[in-house]
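Protein chains get the first letters and strands the later ones, always in sequence-line order, with residue 1 at the start of each. Computed from heavy atoms alone, side chains included, the values below leave out hydrogens, waters and symmetry copies.
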Amino acid sequence: YSFFNDTEETKATIKDYADSNCLKTSGIKSQDCHSHSRTSLQSSHLWEFVRDLLLSPEENCGILEWEDREQGIFRVVKSEALAKMWGQRKKNDRMTYEKLSRALRYYYKTGILERVDRRLVYKFGKNAHGWQEDKL
DNA sequence: CGCTCTTTTCCTGGTT
DNA sequence: TAACCAGGAAAAGAGC
């Protein structure tokens with residue numbers, strides 16, 4: 001395959017991909033886009049970005065899914081799409097899930113995330129905030 | 001400029 | 001075999 005398709009072309013398709021993907025699911029529950037003022041997804045940190053994505057079904061597109069809402073356990077359903085979105089947020093079209101997950105693993109050390117021994121499953125730790133339903 | 005903190009990049013090796 | 005997971009190391013980038 002080509003070595004040249006990693007710039008403009010990719011950049012263009014990422015948004016289209018995300019947008020069209022959102023359109024498919026956003027019609028489901030427009031009412032569910034509760035008034036969290038976090039729709040922008042401008043969070044500076046990765047864990048906040050993930051949290052806000054989890055909390056906004058609008059831009060989520062089924063990329064992330066709660067496994068246990070009360071315990072803050074969630075699963076990455078579309079790892080590649082998540083990486084692309086994070087890459088968009090950071091203006092880095094070379095982002096991959098491999099690299100994103102490395103960053104997530106650093107959170108275990110700081111208590112932002114807790115380890116869950118299941119593939120693509122993570123859990124918010126004691127030092128993460130703003131994800132709990134009753135605390136919104 | 002230098003320093004800290006977070007994230008990125010790369011890698012070796014193990015697991016599902 | 002592909003897709004993940006574990007972390008060490010080093011370096012980039014942002015903010016102060």
- Message: Testing the basics here: between A:Tyr122 and A:Ser101, what is the closest heavy-atom pair and its distance to 0.1 Å?
- Response: OH-CB, 3.8 Å

- Counting only side-chain N and O atoms of A:Ser79, is one of them less than 4.0 Å from OP1 or OP2 of C:dC4? yes

- Note on the structure: Atom CD1 of A:Ile112 and atom C1' of B:dC5 are separated, to the nearest Å, by 12 Å

What does the list of N/O pairs under 3.5 Å between the protein and nucleotides 8-10 of chain B look like, with a distance for each?
residue: B:dT8; atom: OP1; partner: A:Trp86; partner atom: NE1; Å: 2.9
residue: B:dT8; atom: OP1; partner: A:Lys90; partner atom: NZ; Å: 3.0
residue: B:dT8; atom: OP2; partner: A:Trp86; partner atom: NE1; Å: 2.9
residue: B:dT9; atom: OP1; partner: A:Asn92; partner atom: ND2; Å: 3.3
residue: B:dT9; atom: OP1; partner: A:Arg94; partner atom: NE; Å: 3.4
residue: B:dT9; atom: OP1; partner: A:Arg94; partner atom: NH2; Å: 3.3
residue: B:dT9; atom: OP2; partner: A:Asn92; partner atom: ND2; Å: 3.1
residue: B:dT9; atom: OP2; partner: A:Lys99; partner atom: NZ; Å: 2.8
residue: B:dT9; atom: O5'; partner: A:Lys99; partner atom: NZ; Å: 3.4

- Got a sec, which residues hit side-chain contact (heavy atoms from CB on, under 4.5 Å) with A:Lys99, two or more places apart in sequence or on another chain? A:Arg94, A:Met95, A:Thr96

- Message: Without decimals, in angstroms, what is the distance between A:Glu80 CD and C:dA2 C1'?
- Response: 13 Å

Pick out the pairs of N or O atoms, protein on one side and nucleotides 14-16 of chain B on the other, that lie under 3.5 Å.
residue: B:dT16; atom: O2; partner: A:Arg119; partner atom: NH2; Å: 3.1

- Query: Which angle, rounded to 10°, do you find between the first-five-pair axis and the last-five-pair axis of the helix from B:dG2-C:dC16 to B:dT16-C:dA2?
  - Reply: 30°

- Query: What residues form a side-chain hydrogen bond (donor to acceptor under 3.5 Å, both in side chains) with A:Arg118, not counting sequence neighbours?
  - Reply: A:Glu67

- Item | Short side-chain N/O contact from A:Arg75 to OP1 or OP2 of C:dC4, under 4.0 Å | no

- Message: Just verifying a value: how many Å separate A:Ile63 CD1 and A:Glu80 CD, rounded to the nearest 0.5 Å?
- Response: 10.5 Å

- Between CH2 on residue A:Trp131 and CZ on residue A:Arg69, distance to nearest 0.5 Å: 7.5 Å

- Interatomic distance where NE2 belongs to A:His45 and C1' belongs to C:dG13 [whole Å]: 12 Å

- Query: Hey, is A:Glu98 close enough to A:Arg102 for a salt bridge, meaning N to O under 4.0 Å?
  - Reply: no

- Query: Hey, what else clusters with A:Val121 if you join Ile, Leu, Val, Met, Phe, Trp, Tyr whenever side-chain heavy atoms sit under 4.5 Å?
  - Reply: A:Ile73, A:Val116

- Task: With rounding to the nearest 0.5 Å, note down the distance linking CG in A:Leu55 to CD in A:Glu133.
- Result: 8.5 Å

- Query: NA contact type, A:Arg115, heavy-atom cut-off 4.0 Å: base, sugar-phosphate, or nothing?
  - Reply: sugar-phosphate

- Message: Tell me whether the rings of A:Phe124 and A:Phe74 are parallel (<30°), tilted (30 to 60°) or perpendicular (>60°).
- Response: tilted

- Task: Quick one: pull up CG in A:Leu82 and CG in A:Leu120 and give me the separation to the nearest 0.5 Å.
- Result: 10.0 Å

- Indicate yes or no: at least one non-hydrogen side-chain atom of A:Leu64 is less than 4.5 angstrom from one of A:Val77. no

- Query: A:Tyr107 near the nucleic acid: base, sugar-phosphate alone, or nothing, with a heavy-atom cut-off under 4.0 Å?
  - Reply: sugar-phosphate

- Note on the structure: note: A:Lys109, atom NZ; B:dT7, atom P; distance rounded to Å ~ 14 Å

- Nearest-Å distance, NZ (A:Lys91) to C1' (B:dT7)? 17 Å

- Task: To the nearest Å, give me how far apart CG (A:Leu82) and P (B:dT7) are.
- Result: 13 Å

- Query: Taking atom CG of A:Leu46 and atom NZ of A:Lys90, what is their separation to the nearest 0.5 Å?
  - Reply: 8.0 Å

- Atom CG of A:Leu104 and atom P of C:dC4: how far apart are they, to the nearest Å? 13 Å

- Message: Distance check needed: B:dT6 P versus A:Phe49 CZ, whole Å only.
- Response: 19 Å

